[in-house]
Colleague: 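Before I ask anything, let me first share the structure, which is written out below as structure tokens.
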Amino acid sequence: MAIPQLTIQTVTIPVADQDRALAFYRDVLGFEVRADNTFGDDRWLSVAPVGSTVDFTLHPPFPGRAGPGWQQGLVLHTDDIDAVIAALRKAGVEVADAERQGWGIQTQFSDPDGNGFVLLQQGGGA
């Protein structure tokens with residue numbers, strides 16, 4: 001039996017402070033807020049790049065799981081890596097120098113909790 005087609009809807013990013021994370025993802029990265037709802041002591045906070053079909057839930061680590069900052073290697077695409085690097089650095093984000101690879105130009109940065117991202121501009125590689 002074949003499994004019907006699956007898609008990715010949500011990626012959970014473990015954060016220590018949802019308000020601090022929201023400020024970074026919304027105000028620095030320019031993500032839109034998809035949901036910000038409180039249920040008792042819990043808060044469902046979801047952000048995404050404008051137009052993305054995948055959103056990121058900014059959530060405290062689940063009991064018994066690794067703390068904030070374990071999410072690594074999420075890839076964000078851009079058509080202008082130099083402009084994004086300049087904007088991130090202006091906002092105080094530490095960004096590695098861009099490197100040319102066979103598939104394009106990429107760099108890396110982290111959110112305030114240490115969750116790591118790869119920033120990729122496809123094409124123009126070595």
Colleague: Whether Arg20 and Asp27 form a salt bridge (side-chain N of Lys/Arg under 4.0 Å from carboxylate O of Asp/Glu) is what I want to check.
Modeller: no

Colleague: Quick one: are Leu22 and Leu45 in side-chain contact, heavy atoms under 4.5 Å?
Modeller: yes

Colleague: Compare every heavy atom of Gln18 with every heavy atom of Leu58, then report the nearest pair and how far apart it is.
Modeller: O-NE2, 2.8 Å

Colleague: Side chains of Thr10 and Val54, heavy atoms from C-beta outward: is any pair under 4.5 Å?
Modeller: no

Colleague: Would you check if the side chain of Asp55 reaches a backbone N or O of Ser46 as a donor-acceptor pair within less than 3.5 Å?
Modeller: no

Colleague: Return the minimal non-hydrogen interatomic distance between Gln71 and Pro14, and the atom names on each side.
Modeller: CB-CD, 3.9 Å

Colleague: Is there a side-chain contact (heavy atoms from CB on, under 4.5 Å) between Thr78 and Leu119 once you walk through the steps?
Modeller: CA-CA 7 Å; Thr78 180; Leu119 180 63; 3.8 Å; yes

Colleague: Evaluate the criterion side-chain contact (heavy atoms from CB on, under 4.5 Å) for residue pair Phe56 and Leu74; output intermediate values, then yes/no.
Modeller: CA-CA 11 Å; Phe56 298 102; Leu74 294 171; 3.9 Å; yes

Colleague: Does the side chain of Phe62 come within less than 4.5 Å of Thr12's, by heavy atoms?
Modeller: yes

Colleague: Below 4.5 Å, heavy atoms only, C-beta onward: do Leu76 and Leu120 meet side chain to side chain?
Modeller: no

Colleague: May I ask you to test the Trp44-Asp36 pair for a side-chain heavy-atom distance under 4.5 Å?
Modeller: no

Colleague: Do you know which two heavy atoms are closest between Pro49 and Arg34, and how far apart they sit?
Modeller: O-NH2, 3.6 Å

Colleague: Using the ring of each side chain (for Trp, its six-membered ring), is Phe117 parallel, tilted or perpendicular to Phe109, with breaks at 30° and 60°?
Modeller: parallel

Colleague: What is the minimum heavy-atom distance between Ala98 and Ile105, and which atoms define it?
Modeller: CB-CG2, 3.7 Å

Colleague: State plainly whether the residues Arg43 and Asp19 are in salt-bridge range, i.e. N to O under 4.0 Å.
Modeller: yes

Colleague: Would you check if there is a donor-acceptor pair between the side chains of Gln108 and Gln106 at a distance under 3.5 Å?
Modeller: no

Colleague: Looking at Val50 and Gly30, what are the two nearest heavy atoms and their distance?
Modeller: CG2-O, 4.1 Å

Colleague: If we only count heavy atoms from C-beta on, is the Leu88 to Leu29 side-chain gap below 4.5 Å?
Modeller: yes

Colleague: Would Arg89 and Asp82 satisfy salt bridge (charged side-chain N to carboxylate O under 4.0 Å, His left out), going step by step from the backbone distance to the final call?
Modeller: CA-CA 11 Å; Arg89 287 180 173 161; Asp82 292 329; over 6 Å; no

Colleague: For the residue pair Thr53 and Thr7, establish whether any side-chain heavy-atom pair is separated by less than 4.5 Å.
Modeller: no

Colleague: For the side chain of Gln121 and the backbone of Ile81, is there at least one donor-acceptor N/O pair under 3.5 Å apart?
Modeller: yes

Colleague: How close do Asn115 and Gln72 get, counting heavy atoms only, and between which atoms?
Modeller: CA-NE2, 3.7 Å

Colleague: Can you tell me if Thr107 uses its side chain to pair, donor with acceptor, with the backbone of Ala96 under 3.5 Å?
Modeller: yes

Colleague: With side chains defined as the heavy atoms from C-beta onward, is the minimum distance between Trp70 and Asp113 less than 4.5 Å?
Modeller: no

